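All ligand and atom numbering here is 1-based and tracks the order in the structure. All values derive from a computational prediction rather than experimental measurement.
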Amino acid sequence: MKRQNENRTDYDAVIVGAGFSGLYMLHSLRESGYSVKVYEAADGVGGVWYWNRYPGARCDSESIYYNYTFSKDLYKEWSWSSRFASQPEILEYLNFVADKFNLRSNIQFGTHVTSAQFNEHCNSWQITINGEETIQSKFFITGVGCLSTANVPQFEGIDQFKGDCYHTSNWPIEGVDFEGKRVGVIGTGASGIQSIPIIAKEAEHLTVFQRTPQYSVPAGNHPYHGTFNKQVKSSFENLRDTMRHSDSGTGIPPGNRSALEDSPEKREEIFEQAWEKGSLYLFNTYNDLMVNADANETVCRFIRNKIDEIVEDTKVAEMLKPTYYYGTKRPVLDTDYYETYNQDNVSLVDVKANPIKKITTKGIQTTAEEHELDIIVFATGYDAITGTLLKMDITGRNGLSLYDKWAGGSTVRTYLGLAMNSFPNMFTITGPESPSVLTNMPISIEQHVEWIRDFIVYMDEHNIDVAEAEDEAEKNWSQHCREIAEKTLFVHTDSWYNGSNIDGKPRGFPLYLGGVESYRKICADIANNVYEGFSLRSFSK
Ligand code: N01
């Protein structure tokens, strides 16, 4: 261990979560000579990819981008089988990573961090696991992801249903047999849209309960062949640089002009090509889709026309057409989503027009009728971005709880999405007000992890005991995030980005919209400027 263990801490760093974030944070700190412990609630590595085993679960970033890039060896040793990796394959990858770098020895599985408290007398964190045991650590680092606390709407009668209920985020490992069953899916976000076509193939009847229709674009998934994999691996350095210095963290080139500059015919041609290419090419066709309502409407119209072309029943097609600004809810990719509504065994129920009143013993009762079901699937999403952190009972200096600091979520404030005033020596990987979910996550995670590691090494080398974000720096960062968001269309749509999917959750927009490259530069400049915006304190020589 590099640091002198003056305060008799158990570890230099405790990390919460063994997903993409926690695994790399563990590896990085351990390689730098620190003692590290990871606590993970699941019985294995993987984070969201451990829990999200619902039918059709697949990544919506292309496999060649959705990787770690910190190790060329790792990149070369692993080959993806298709353009969009399935959940089992991503889980296999993360297990491969854990084995390759021998990470399991520092992870305690099946363990919940139930509280964490900063102890000002010894400048370290007291972390309680499973409500019983307390561990002392110099640094407290969260790698809990942005989408890990399920949203289960508290419908009246939810416990009375005689059939089976599942949430997509906590799917049984043994799977679910839909054969001959009447199934209801509530929710048409990415999880619903991925699972609906698969469930429809098996179930006797599938009823989809849709509150807000979504714009969905064919993913264009296909197998990867050996020669393609070889080519990608041989251009590893280029690809990594492109991703790290892009806005999105992928290799998909962004649009370079306004959608309104092209004639309607030219635009149609561009949209059509992007639709055929799949992935997020449509989202990246023009550079003003997220800031100009008229530009955005051109792509909305294009997708609505596609729905008309695909869906045979005109009434159903009408119900499936969204009206919000495309992209202001997270863009969804699918395989045969709209086509599924042409199957005789599939029906669509508009629960905005006729809301769900209650769950009965037999099924779902809307204000219009009762739907009898054997299985209900909740594809109702997450208390995103802040939900998991707020649940963890974190207390900083002067007994200030994170819940009170953020006033229950109405005044979320962080410095760079990485640290907070009153919470010294705590770091949040892909925390609120960082680029996180608006980018290709592994790339953003790597940038956070490396920045945190370098900061810890710097503190070590300069005998700094405590680093804490300054109030002013935090205020300015939050304001900067809000100012960027307010120039975009994102703030005009109800979504999990701004918390409006959760009853009673205060609205905000706790994300940095400036992109991976500019964020990387801001973070690097702050580090080069002796961690500007942090107060650094030493108590020993
Ligand atoms: O959750 P969502 P998700 N009554 O919040 C509806 C990532 N992800 O799990 O839109 C009726 O998007 C809700 O309706 P509305 C990805 O980032 C990635 O699908 O709020 N309906 C909505 O339709 C994604 O964006 C991948 O009106 C209710 C749905 O439930 C994020 O996770 C795969 C309701 C929830 O959609 C979340 O996706 C899966 C109620 N009371 C997920 N409450 C890939 O990588 C909610 N809804 C591909």
| message | Using a 3.5 Å cut-off on N or O atoms only, is I356 in polar contact with ligand 1? | response | no

At what distance, to the nearest 0.5 angstrom, does [atom1] of [X] lie from [atom2] of [Y]?
X	Y	atom1	atom2	result
I64	N229	CD1	CG	9.0 Å
F84	E89	CZ	CD	13.0 Å
N221	R58	CG	CZ	4.5 Å

| Contact check, side chains of F271 and Y281, non-hydrogen atoms, under 4.5 Å | no

At the 4.0 Å heavy-atom cut-off, does [X] count as touching ligand 1?
X	result
V437	no
Y54	yes
F155	yes
L147	yes

| field | Sidechain-backbone polar pair: N345 side chain, L206 backbone, donor-acceptor under 3.5 Å | value | no

| note | Atoms of ligand 1 under 4.0 Å from any heavy atom of C59, numbered from 1 in the order shown, are 45 (O), 48 (C)

| query | Counting from 1, what ligand 1 atoms have a heavy atom of T188 closer than 4.0 Å? | reply | 22 (C), 23 (O), 29 (C)

| Do S478 and E433 get their side chains close enough for a donor-acceptor pair, meaning under 3.5 Å? | yes

Look at [atom] and say which protein heavy atom is nearest, naming residue and atom and giving the distance to 0.1 Å.
atom	answer
atom 44 (C) of ligand 1	R58 O, 3.1 Å
atom 3 (P) of ligand 1	S191 OG, 3.3 Å
atom 11 (C) of ligand 1	I186 CG2, 3.7 Å

| field | Trace of the side chain to side chain contact (heavy atoms under 4.5 Å, CB included) decision for I443 with Y65 | value | CA-CA 8 Å; I443 293 299; Y65 309 135; over 6 Å; no

| query | For atom 47 (N) of ligand 1, which candidate among R330, R211, K329 holds the nearest heavy atom? | reply | R211

| task | Give me the ring orientation class for F378 and H167: parallel if the planes are under 30° apart, tilted from 30 to 60°, perpendicular past 60°. | result | parallel

With heavy atoms under 4.0 Å as the rule, classify the contact between [X] and ligand 1 as side chain, backbone, both or neither.
X	answer
P153	side chain
Q194	side chain
T212	both
S169	neither

| field | Output field: ring centroids F70/F101 closer than 6.0 Å | value | yes

